[in-house]
Amino acid sequence: MGQGRPPGTGVVVRNWYPLPVAGSEAGGRVFADLMRLAEMVEAGQPGWTRRVFSPEYLRSRELIWELMGSAGLEVRRDPAGNLIGTLPGTAPDQAALILGSHTDTVAGGGRFDGPCGVMAAIEAVRRIRERGGRPRRTIWVVDFLGEEPNDFGISCVGSRAAAGHLSPEHLRLVDGGGRTLAEALAQMGGDPDRIAEARWPKGAASAYLELHVEQGTRLEEAGRGLAVVTAIAGIHRAEIRLEGRADHAGTAPMAGRSDALLAAAEVSLEVEQLGLRGGLGVATVGRLELVPNSPNVVAERATLIAEYRSGDPSWLSATDELLQEVVSQVPSRRGVRGQLSWLSREDPTLCAEELSSVLLASAREIGEEPLQLASWAGHDAVQVAAICPVAMLFVPSRGGRSHCPEEWTDPQQVEVGTRALAAAVTRLAV
Ligand code: GLV
Ligand code: MN
Ligand code: MN
């Protein structure tokens, strides 16, 4: 039984998974929804790629709209391109309970990072309605636009707007093709001129719950099915531009070159060293662009993105300073000019204890004893935390693999997460 889409072939294997999931038709439903969404991928891209501003992502959200609608949610798209499904409560004076995550992927990504939380949230609402209930508290299910980093250098576009943190400067950011973020948003059905209206009014949200795959091995190693997240690492991202000089790769002597690629290589190794110090954080260069990127030309320009993460704000700010030193010293040794600009700097986020206790009790109610874990991956919950208390549930990721085609969570594990989420929704809203 194959469990992966062969990289780069554009071939999607349909319905290879067993349905219904043992003992639970409802569980099979969430997984079937996940696999339906997984068929909507960018042709010619590796893995299960559905990047934020791709036509496939836009098309895939018609499916999310349909699933939300058939679950009984009133669906709308806000000016930031978020899809919001509302199940009105019987007590309109009570602030809404929000459930959400994202359905975009990284290039070459998998099928679970993001969609798992959206599908489980839709299913939680279905189950409430199937029990014949109407919640006391209004419930929103949100598919946030573009959680993963994009060509404009930012992540969490939709949740940032909901928090009121998507600024006019963000909207003016330009991608490699000269398009602004505002233009890209409009192509996704958003309305950048009305972006302020995407901000959730103060007091509108009582709490936010997000189910997500762990993207690590801690649950698998402990043999547990669920974790309640205690905190989410802060992430700092900086763009580093290195300006050297283009020269003929044959005729320019080795001495005296200003090679931007070699400066980028040295900067990247220094970034690795920043992550190796002290065990309190991780640091990565995952993106590098070269101009002219030609085999017989010494690189004139290199642009890279350095990102680092930690649960410790003082480690992050010390790393900011060290990175600035690296950029001011390392490239100049090669006659290359270095310039750093910050793309984003998020502090670590604490999940709300009272809300995490509800998740803990809900997990125990369905017979699970969850781990309590900090998240090293970023989530929409970080942005939402500016508006209301947030809490998260993790389900296992096989082998800890994520942001790659092998990303996998068993149908039964998805079902356990969905049941715990639904139990928490019942406690908080019904
Ligand atoms: C989101 O997937 C992140 O942690 O980068
Ligand atoms: Mn991700
Ligand atoms: Mn995610």
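Start at 1 and go down the list; that is how both ligands and their atoms are numbered.
- For ligand 1, the atoms lying closer than 4.0 Å to a non-hydrogen atom of Gly378 are 1 (C), 3 (C), 4 (O).
- The atoms of ligand 1 that sit less than 4.0 Å from any heavy atom of Glu148 are 1 (C), 2 (O).
- Checking Thr319 against Arg277 by side-chain atom types alone, a donor-acceptor pair falls below 3.5 Å.
- Of the residues listed (Val118, Leu83, Val384, Asp104), the one engaging Phe144 in a side chain to side chain contact (heavy atoms under 4.5 Å, CB included) is Val384, and it is the only one.
- Ligand 1 has a nitrogen or oxygen under 3.5 angstrom from a nitrogen or oxygen of His403.
- Using a 4.0 Å cut-off between charged side-chain N and carboxylate O, Glu123 and Arg29 make a salt bridge.
- Counting atoms of ligand 1 from 1 in the listed order, those under 4.0 Å from a heavy atom of Ala377 are 4 (O).
- Close contacts of ligand 1 with Glu147, meaning ligand atoms under 4.0 Å from a residue heavy atom, involve 1 (C), 2 (O).
- Between the side chains of Asp320 and Tyr308, at least one donor-acceptor pair of N or O atoms lies under 3.5 Å.
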Exercise for the section: Any chance you could lay out the salt bridge (Lys or Arg N to Asp or Glu O under 4.0 Å) test for Arg364 and Glu368, step after step, and finish with the verdict? Expected result: CA-CA 5 Å; Arg364 288 178 178 150; Glu368 295 288 324; over 6 Å; no
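- For a distance bound of 2.8 Å, the N, O or S atoms of Asp113 include one lying that close to the Mn ion (ligand 3).
- The Mn ion (ligand 3) has no N, O or S atom of His379 inside 2.8 Å of it.
- Restricting Glu148 to its N, O or S atoms, the one at the least distance from the Mn ion (ligand 2) is OE2.
- With sequence neighbours excluded, no residue forms a ring-ring contact (aromatic ring centres under 6.0 Å, His included) with Trp65.
- Taking distance alone, with nitrogen or oxygen atoms compared against 3.5 Å, Gln215 stays at or beyond that limit from ligand 1.
- The ligand atoms of ligand 1 that sit less than 4.0 angstrom from a heavy atom of Arg309 are 3 (C), 4 (O), 5 (O).
- A heavy-atom separation below 4.0 Å is found between Arg237 and ligand 1.
- In terms of polar-atom proximity, Glu307 is not counted as a contact of ligand 1, lacking any N or O under 3.5 Å from an N or O of the ligand.
- A salt bridge is defined here as a Lys NZ or Arg NE, NH1 or NH2 lying under 4.0 Å from an Asp or Glu carboxylate O, and Glu66 with Arg36 meets this definition.
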Show, in sequence, the C-alpha distance, side-chain angles and deciding distance for Trp408 and Phe31, and conclude whether the ring pair (Phe, Tyr, Trp, His ring centres under 6.0 Å) test is met. CA-CA 12 Å; Trp408 181 258; Phe31 206 79; 5.7 Å; yes
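- In this structure, Arg199 does not pair ionically with Glu197, as no charged nitrogen and carboxylate oxygen lie closer than 4.0 Å.
- Within His102, the N, O or S atom at minimum distance from the Mn ion (ligand 3) carries the name NE2.
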